[in-house]
Amino acid sequence: MHSEHFVTAQRSHLCGALRAEDAGTSVRLGGWVHRARNLGGLVFMDLRDRAGMVQVSFDPKWTPAEVIEQAASLGAEVVVLVEGEVAERPEAMRNPEMLTGSVEVRAKSLRIVGPTTGAPAIPVARGKTEKLAAEELRLRHRFLDLRRPELQENLMLRHRLLQATRRHLSDRGFLEIETPILTKPTPEGARDYLVPSRVHPGEFYALPQSPQLYKQLLMISGFDRYFQVARCFRDEDLRADRQPEFTQIDIEGSFVAQEDIIALTEGLLAVLFAEAGIEIPKIFPRMTYAQALERYGSDRPDLRYGLELFDATDVFRGSDFMVTKGAIEAGGRVRGLRVPGGAALSRKQVDELELLAKGAGAGGLLRLKFVNGAFEGPIAKFLPAGQSAVLEASEGDLFLMVAASDRVSNPALDRVRQEAARVMSLVPEQARSFLWVLDFPMFDEDPKGALAAVHHPFTSPHPDDVSLLATTPGRARAQAYDVVYNGTELGGGSIRISDPAVQERIFTLLGIDEETAAARFGFLLEGLRSGAPPHGGIALGFDRIAMMLSGATSLRDVIAFPKTTAARALFEGAPTVVPAADLADLHLETTGVPE
């Protein structure tokens, strides 16, 4: 941060930028009182701006008495202007925990420019052991919360990541092009936020869930390299890593193959992680969707630890145990994971793992311990002799299994695997795991045979599987890919359909008739029929990347004004009831407010 860029008529330096080499310099500082300590005739103040803090000393040796008296009366978060001289602190008085800890500013004058009307609603300054105020209270007083150095560092990192993104893509010939915020409702996997039109009664815009159709139209229009730091909106249930409005790095290119997008993404992520001081591999390992589910039960597996799943169906085949027998006869399997040393877990800890499996849809967990060279547990008596070698059992192992269809066992075992790794401390500190998951299925098929797009209906089928669209479309793979970091999806993309005939066939398979397709996607179909280049791209969750690189645990800590998990903006007070007259202007009326 170049301090000279911040020079104004009232400020010569940034508080947090002062160092030992500035000793002897006269300075004018502006900032917030972080802490003040009155030692009876001597006052010490930590003055804070976005660059950090510096100690300001008010001493009769260099400060007029009336200035000391004024400084002694100041409370936290008052905004002041200070003039003084930078001096090195005595060796014994230096603070190694502050970047400015080797210097202080010896104040000669003080002026209050931003008085307060009492103690702040939430504290900005905190001791090492002092807990944060409750999040709801912090969001209600967000302007104070944002003064915390931790959040300011997060948002400054976010800024640097944005600029690095723009530089990297611009240097590679990508054009930043904005797409509409008021657009047409289209089904993209979540509910749209709708905006009523005043000038067109009864008609609505939608806020975009993504710029998907527009970026494809830009490729059709001849802009062969597009990107956008795009605002997106989805009306869906929230959690710590999800917000109703979010930012994604949206990228699309023409005349590209999957390998081009993968290489571009690996290069961009290397730049973003480097901005946070982290070096990552230049090339990420790869795994097919089918392999990921078989080995880990998830299409975003965390590879920082083992605990791979195994198939014990043959072990239990022919067993009289009704749970496994019934599952196998119904076409399911017995699958599970081996937790080294897990036999030492308490009954309560294993019960908690089972609750996670049940919460993910499983009927329960089948448990086995291998201790003193033999299996123990409720189902041990149903286990045929000589199975320790088949299950690769070692002393102290815990086996946790689910007998069900893969649709049930995959999410259940995924949750159990993650929690078992946490409980057993199997995740190495500072370990990082990147992965590409490839060859996703084109469709998800329900028990009645109805198809739904796994990604979106504009994803191109795998070239080797195009013929399956006419015979067994449920088996067709897509040219789709996700990039995963430490078990979290950072982004996903695909090669798009550029042939209008193939696009129309996909709509038909999804149960979208010609009339509906024309009404919802007619503008895209019209573009495809006008000559579309082969194209594809990816969207990366920018908020999620910023969260991970800052070390935050919630997206709300890297977004200036976020929503709660109930989609409320507590500081602004949104959403809110709108006066009836305003609704009438939009040709709307309420049918009653739910209690």
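Keep in mind the model is a prediction, meaning the values are calculated, not measured.
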Looking only at the side chains, is there a donor atom on one of Arg496 and Ser498 sitting less than 3.5 Å from an acceptor on the other? no

Taking atom CZ of Phe310 as the centre, does the number of heavy atoms from other residues, nucleotides or ligands within less than 6.0 Å exceed 12? yes

Residues, nucleotides or ligands: over 12 heavy atoms within 6.0 Å of Glu445 CD: yes

Rounded to the nearest 0.5 Å, what separates atom CG in Asn486 from atom CZ in Arg304? 3.5 Å

May I ask you to check whether Ser554 and Asp557 show a side-chain donor-acceptor distance below 3.5 Å? no

Taking ring-ring contact (aromatic ring centres under 6.0 Å, His included) as the criterion, tell me which of Tyr296, Trp436, Phe440 meets it with Tyr289. Phe440

Do Gln228 and Ile177 pass the side-chain contact (heavy atoms from CB on, under 4.5 Å) test, and can you show the C-alpha distance, the side-chain angles, and the key distance before you say yes or no? CA-CA 6 Å; Gln228 182 179 188; Ile177 304 175; over 6 Å; no

Tell me, with the steps shown, if Arg160 and Glu275 meet salt bridge (Lys or Arg N to Asp or Glu O under 4.0 Å). CA-CA 7 Å; Arg160 297 200 308 273; Glu275 193 65 44; 3.2 Å; yes

Less than 4.0 angstrom from a charged side-chain N to a carboxylate O is my criterion; do Glu308 and Arg295 meet it? yes

Are there over 12 heavy-atom neighbours, none belonging to Glu572, within less than 6.0 Å of that residue's CD? yes

Quick one: does any side-chain atom of Gln418 pair with a main-chain N or O of Gly487 as donor and acceptor, under 3.5 Å? no

Drop me the distance from Tyr205's OH to Asp192's CG, to the nearest 0.5 angstrom. 15.0 Å

To the nearest 0.5 Å, how far apart are CD in Gln209 and SG in Cys232? 9.0 Å

Spacing of OG1 belonging to Thr508 relative to CD belonging to Gln503, to within rounding of 0.5 Å: 10.0 Å

Which of parallel (below 30°), tilted (30 to 60°) and perpendicular (above 60°) describes Phe458 and His456? tilted

Ionic contact status for Glu150 with Arg126, cut-off 4.0 Å: yes

For Phe233, look at atom CZ and say whether over 12 heavy atoms of other residues, nucleotides or ligands are found less than 6.0 Å away. yes

Do you know which two heavy atoms are closest between Pro562 and Leu139, and how far apart they sit? CG-CD2, 3.8 Å

Between Lys215 and Asp250, does any NZ, NE, NH1 or NH2 come within less than 4.0 Å of an OD or OE carboxylate oxygen? yes

Go through the steps for Ile262 and Ile538 under the test side-chain contact (heavy atoms from CB on, under 4.5 Å), then give the verdict. CA-CA 9 Å; Ile262 286 176; Ile538 195 167; over 6 Å; no

Check Glu176 with Arg166, please: is the shortest side-chain N to carboxylate O separation under 4.0 Å? yes

Quick one: do Ile249 and Leu272 satisfy side-chain contact (heavy atoms from CB on, under 4.5 Å)? Show the steps, please. CA-CA 12 Å; Ile249 303 172; Leu272 296 183; 4.1 Å; yes

Should we say atom CG of Leu175 is surrounded by more than 12 heavy atoms from elsewhere, each under 6.0 Å from it? yes

Do Arg142 and Asp145 pass the salt bridge (Lys or Arg N to Asp or Glu O under 4.0 Å) test, and can you show the C-alpha distance, the side-chain angles, and the key distance before you say yes or no? CA-CA 5 Å; Arg142 187 62 167 176; Asp145 197 33; 2.9 Å; yes

Which of parallel (below 30°), tilted (30 to 60°) and perpendicular (above 60°) describes Phe434 and Phe273? perpendicular

Considering residues, nucleotides and ligands other than Arg286, do more than 12 of their heavy atoms fall under 6.0 Å from its CZ? yes

Walk me through whether Glu245 and Lys563 qualify under salt bridge (Lys or Arg N to Asp or Glu O under 4.0 Å). CA-CA 9 Å; Glu245 53 180 313; Lys563 307 292 189 292; 2.6 Å; yes

More than 12 heavy atoms of other residues, nucleotides or ligands under 6.0 Å from CD of Glu178: is that the case? no

Taking the side chain from Arg158 and the backbone from Val558, do they hold a donor-acceptor pair closer than 3.5 Å? yes

Sidechain N-carboxylate O distance under 4.0 Å for Glu526, Arg529: no

Under 3.5 Å donor-acceptor, Asp260 side chain and Ala257 backbone: yes

Tell me, with the steps shown, if Ser254 and Met219 meet side-chain contact (heavy atoms from CB on, under 4.5 Å). CA-CA 6 Å; Ser254 293; Met219 298 302 103; 3.1 Å; yes

